[in-house]
J.: 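This is the structure I want to talk about, given as structure tokens.
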Amino acid sequence: MARRLRPVEVDFVRAAPVRLVFAREITAPPQTVFRALAEDVPGWTQWFSAVTLARPTDDGAGREIRLKGGTRFAETILVAKEPEVYAYRVDETNTPGARALVEEWRLTPAGAGTRVQWTFAADGTPVFRLVLRLARAGLGRAFKDAVTALDRRLAR
């Protein structure tokens, strides 16, 4: 890993200079979605197409994530409150310009299914922040595709 990030906490999700928030309703219930997010970390490669490797570290207190294109993250789990919230902080990455990054998955009942809200909260150099804002549409598509694939996987 090339860069150690600032060790922010989960409240950074609301205070970050860049906050990208996406939401979608799926048919799987919140408990099932939570388990897929928090307990089946290796399974992320099956439904989030950008993820090429996902594995728990530190006896489940962290994660190692690799994305297509070579981006790598070493993460710390900040919140794992079943079935409502799963959040993690990026501690180390090879992403240029990043200074702090937290992702939060918030799950709320929606009829028999779940409203999945993903918040991508970040700080970095001005160029990094601009690139993230420009990437909003692509990240939104990636979220939509991933959550749709997760719902299909959970329906099996």
Side-chain angles (χ1 to χ4, degrees), residues 1-26 28 30 33-34 36-38 40-58 60-81 84-108 110 114-153:
M1 296 286 165
R3 160 176 302 99
R4 189 140 191 71
L5 303 187
R6 190 169 76 242
V8 294
E9 294 302 323
V10 73
D11 60 339
F12 182 72
V13 167
R14 281 160 264 310
V18 178
R19 293 179 68 250
L20 305 176
V21 181
F22 308 97
R24 184 168 183 82
E25 288 187 15
I26 61 174
V33 177
F34 181 87
L37 293 172
D40 184 18
V41 173
W44 282 55
T45 61
Q46 302 300 308
W47 57 269
F48 208 125
S49 65
V51 178
T52 61
L53 177 128
R55 68 176 187 90
T57 60
D58 300 322
R63 306 179 342 153
E64 176 187 359
I65 304 292
R66 292 186 186 188
L67 305 179
K68 287 181 180 172
T71 302
R72 297 184 317 257
F73 302 109
E75 302 170 339
T76 295
I77 308 304
L78 298 174
V79 179
K81 182 180 176 189
E84 301 165 13
V85 182
Y86 183 61
Y88 43 88
R89 168 186 69 223
V90 174
D91 295 315
E92 296 179 27
T93 184
N94 61 347
T95 304
R99 292 186 183 140
L101 177 60
V102 171
E103 294 181 44
E104 178 189 72
W105 296 79
R106 189 162 288 279
L107 311 174
T108 53
T114 304
R115 181 178 187 271
V116 180
Q117 178 179 294
W118 177 49
T119 302
F120 188 92
D123 189 15
T125 63
V127 170
F128 175 80
R129 285 183 276 169
L130 175 63
V131 167
L132 275 183
R133 287 184 180 106
L134 293 174
R136 179 182 201 46
L139 286 169
R141 270 190 310 281
F143 167 78
K144 177 184 168 227
D145 293 348
V147 172
T148 299
L150 174 61
D151 199 32
R152 277 195 307 267
R153 177 181 163 95

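When a residue number appears, it is its place in the shown sequence, counting from 1.
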J.: Test your reading of the model: is there a side-chain donor-acceptor pair from Asp58 to the backbone of Ala61, 3.5 Å cut-off?
T.: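 Here the side-chain-to-backbone pair does not exist.
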J.: So, for Pro30 and Thr114, which heavy atoms are closest and what is the spacing to 0.1 Å?
T.: N-OG1, 2.8 Å
J.: Just by modelled atom types, is the Leu53 backbone N or O under 3.5 Å from a matching donor or acceptor in the Thr45 side chain?
T.: no
J.: Counting C-beta onward and ignoring hydrogens, is there a side-chain heavy-atom pair between Glu84 and Thr108 closer than 4.5 Å?
T.: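 A side-chain contact under 4.5 Å is absent here.
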J.: Can you tell me how far apart OG1 (Thr125) and CG (Leu130) are? Round to the nearest 0.5 Å.
T.: 9.5 Å
J.: Using 0.5 Å steps for rounding, measure from the CD atom of Glu103 to the CG atom of Leu37.
T.: 11.0 Å
J.: If you define the side chain from C-beta out and look only at heavy atoms, does anything of Glu104 sit under 4.5 Å from Val85?
T.: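 Yes - at least one pair of side-chain heavy atoms lies under 4.5 Å apart.
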J.: Supply the atom-to-atom distance Leu134 CG to Leu139 CG, rounded to the nearest 0.5 angstrom.
T.: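 That separation rounds to 11.0 Å.
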J.: With rounding to the nearest 0.5 angstrom, report the CG to CG distance, Leu150 to Asp145.
T.: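 Answer rounded to 0.5 Å: 12.5 Å.
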J.: Using side-chain heavy atoms (C-beta onward) and a distance below 4.5 Å, is Leu101 in contact with Leu5?
T.: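 They are in side-chain contact.
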J.: Considering all heavy atoms of both residues, which atom of Pro96 and which atom of Arg3 are nearest to each other, and what is their separation?
T.: CA-NH1, 3.3 Å
J.: When you check the side-chain N and O atoms of Thr148 and Arg24, is any donor under 3.5 Å from an acceptor?
T.: yes
J.: Does Trp44 have Arg55 sitting over its ring (NZ/CZ under 6.0 Å from centre, angle to axis within 45°)?
T.: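 Output no; distance or angle outside limits.
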J.: Under a 4.5 Å cut-off applied to non-hydrogen side-chain atoms, are Asp151 and Trp47 in contact?
T.: no
J.: List the atom pairs, donor and acceptor, that lie under 3.5 Å between side-chain atoms in residues 7-21 and the rest of the protein, sequence neighbours left out.
T.:
residue	atom	partner	partner atom	Å
Glu9	OE2	Arg89	NH1	3.4
Arg19	NE	Val13	O	2.5

J.: Distance check, rounded to the nearest 0.5 Å: Phe34 atom CZ versus Arg106 atom CZ?
T.: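 If I round to the nearest 0.5 Å, the distance is 11.5 Å.
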J.: Closest heavy-atom contact between Phe120 and Leu132?
T.: CE2-CD2, 3.6 Å
J.: Shortest non-hydrogen contact from Val51 to Ala54?
T.: CG1-CB, 4.0 Å
J.: Quick one: does any side-chain atom of Thr93 pair with a main-chain N or O of Arg72 as donor and acceptor, under 3.5 Å?
T.: yes
J.: Does Arg136 have more than 12 heavy atoms from other residues, nucleotides or ligands lying within 6.0 Å of its CZ?
T.: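 Above 12, so yes.
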J.: Please name the pair of heavy atoms, one in Tyr86 and one in Ala80, separated by the smallest distance, quoted to 0.1 Å.
T.: CD1-CB, 4.2 Å
J.: For the residue pair Asp123 and Phe128, what are the closest heavy atoms and their distance?
T.: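 Looking at all heavy atoms of both residues, the shortest contact is O-CE2, 3.6 Å.
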J.: For Trp105 and Gln117, which I'm curious about, is there any donor-acceptor pair between the side chains at under 3.5 Å?
T.: no
J.: One pair to check against salt bridge (Lys or Arg N to Asp or Glu O under 4.0 Å): Arg4 and Glu92. What are the steps and the verdict?
T.: CA-CA 4 Å; Arg4 189 140 191 71; Glu92 296 179 27; 3.1 Å; yes
J.: So do the side chains of Leu78 and Tyr88 get within less than 4.5 Å of each other, counting heavy atoms only?
T.: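 Answer no - side chains too far apart.
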J.: Taking the six-membered ring of Phe73 (Phe, Tyr or Trp), confirm whether the NZ or CZ of Arg63 is under 6.0 Å from its centre and within 45° of its axis.
T.: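 Pair Arg63/Phe73 does not count as cation-pi.
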